[in-house]
Amino acid sequence: MSQSIIDKPWTKYWIKKFKTDIESGDKRFKRLKKGYPYFEIDNELIDIVELDDFIKIEPNRFPLFIGSQFGIHPELNKITGFFNGEKVIAVLSKSVLSGSVSGLSLHKINKNDKKFIPNKIQHYGNV
């Protein structure tokens, strides 16, 4: 079986914590079509979008990134137009080598930021 077909529930325990969070549990994620290492997420939580939608500030969808030992993917600081105001982003912490997921963090991007400065406002652990 291909890796994309095998369900690995141990990489998605954080999802239940996210869904039951009073402030963010009703939100969704959005991702670009490419630039991500392999990861698993429930399909009903995520939309695959074009760049124009990805950089939009939306109260009900968070841009999703994968944080690994090799950096953040896609490369957040290289996305043209991304730093366009105050928004919340999601970073799924995942080891590309082992496939282990430590959880998902929400970070606030401030209005005048020009590059990503970690500013964690919430964390959903994968235990």
Side-chain angles (χ1 to χ4, degrees):
M1 279 186 138
S2 108
Q3 187 179 16
S4 62
I5 297 174
I6 299 171
D7 187 33
K8 297 180 182 174
W10 59 89
T11 66
K12 301 188 292 185
Y13 294 146
W14 63 269
I15 293 174
K16 182 176 181 179
K17 294 175 186 175
F18 175 79
K19 285 181 173 180
T20 58
D21 182 80
I22 292 171
E23 288 186 39
S24 299
D26 62 339
K27 310 286 192 282
R28 297 175 51 78
F29 303 101
K30 55 185 175 177
R31 64 163 279 190
L32 294 168
K33 291 181 182 179
K34 58 184 180 178
Y36 293 82
Y38 175 79
F39 69 99
E40 291 189 73
I41 190 169
D42 292 357
N43 288 334
E44 71 270 4
L45 285 178
I46 194 162
D47 300 315
I48 298 173
V49 299
E50 298 293 333
L51 180 61
D52 289 348
D53 282 331
F54 191 71
I55 66 173
K56 278 184 190 171
I57 298 170
E58 296 180 279
N60 295 315
R61 285 200 303 188
F62 302 132
L64 178 67
F65 296 87
I66 307 299
S68 76
Q69 65 271 40
F70 301 111
I72 294 180
H73 304 282
E75 292 184 58
L76 176 57
N77 292 322
K78 293 183 178 179
I79 298 175
T80 303
F82 188 77
F83 295 96
N84 57 357
E86 189 174 297
K87 64 176 91 174
V88 174
I89 68 164
V91 178
L92 182 66
S93 298
K94 178 186 189 309
S95 169
V96 177
L97 298 175
S98 72
S100 186
V101 173
S102 64
L104 179 104
S105 296
L106 299 180
H107 294 265
K108 182 179 179 185
I109 302 290
N110 292 307
K111 182 180 180 179
N112 296 316
D113 287 351
K114 301 294 181 212
K115 66 177 186 172
F116 178 63
I117 301 166
N119 185 8
K120 190 184 301 183
I121 56 173
Q122 186 59 276
H123 180 75
Y124 308 96
N126 199 40
V127 287

Nearest-0.5 Å distance, NZ of residue Lys12 to CG of residue Asp42: 4.5 Å
Linked, directly or transitively: Ile57 and Phe83 (ILVMFWY side chains, under 4.5 Å): no
Atom pair CG/CZ of Asp47 and Arg61 - distance to nearest 0.5 Å: 4.5 Å
Linked, directly or transitively: Tyr124 and Ile121 (ILVMFWY side chains, under 4.5 Å): yes
Validation row: Ile89, Leu76 side chains within 4.5 angstrom (heavy atoms): yes
From Glu58 atom CD to Lys30 atom NZ, the distance as rounded to the nearest 0.5 Å: 3.5 Å
Glu44 atom CD, over 12 foreign heavy atoms within 6.0 Å: yes
Separation between CD1 of Ile15 and CG of Asn126, rounded to the nearest 0.5 Å: 8.5 Å
ILVMFWY network linking Ile48 to Phe62, side-chain heavy atoms under 4.5 angstrom: no
Working for side-chain contact (heavy atoms from CB on, under 4.5 Å), residues Leu32 and Lys34: CA-CA 6 Å; Leu32 294 168; Lys34 58 184 180 178; 5.9 Å; no
Nearest-0.5 Å distance, OG of residue Ser102 to OH of residue Tyr13: 14.5 Å
Exercise: identify the closest heavy-atom pair between Asn77 and Phe116: OD1-N, 2.7 Å
Single-linkage hydrophobic cluster, 4.5 Å side-chain cutoff, Val91 and Val96 together: no
Name of the residue among Val49, Asn84, Thr80 meeting side chain to side chain contact (heavy atoms under 4.5 Å, CB included) with Ile55: Asn84
Crowding at CG, Asn60 (>12 non-hydrogen neighbours, <6.0 Å): yes
Heavy-atom check, side chain of Phe39 versus side chain of Thr11, under 4.5 Å: no
Check: Lys17 side chain, Gly125 main-chain N or O, donor-acceptor pair, under 3.5 Å: yes
Results of side chain to side chain donor-acceptor pair (under 3.5 Å) for Ser105 - residues two or more places apart only: His123
Path from Ile72 to Leu51 over hydrophobic side-chain contacts below 4.5 Å: yes
Any donor-acceptor N/O pair, Asp21 side chain to Glu23 backbone, under 3.5 Å: yes
Gln69 atom CD, neighbour heavy-atom count above 12 within 6.0 Å: yes
Row check, Phe82 ring normal vs Lys87 NZ/CZ: under 6.0 Å, within 45°: yes
Closest non-hydrogen atom pair between Ile79 and Pro74, with its separation: CD1-CG, 4.2 Å
Nearest non-hydrogen partners of Gly103 and Trp14, listed with the distance: CA-CB, 4.2 Å
Steps toward ring pair (Phe, Tyr, Trp, His ring centres under 6.0 Å) verdict (Phe54, Phe65): CA-CA 11 Å; Phe54 191 71; Phe65 296 87; 5.5 Å; yes
CD1-CG distance between Ile41 and Leu104, expressed to the nearest 0.5 angstrom: 7.5 Å
Phe29 and Arg31, any side-chain heavy atoms less than 4.5 Å apart: no
Nearest heavy atoms of Pro59 and Lys27, plus distance in Å: O-CE, 2.9 Å
Any residue meeting side chain to side chain donor-acceptor pair (under 3.5 Å) with Asp53, in chain and number order, not counting sequence neighbours: Lys56
Shortest non-hydrogen contact from Phe18 toward Ser24: CZ-O, 3.3 Å
Considering all heavy atoms, the nearest His107-Lys120 contact: ND1-N, 3.3 Å
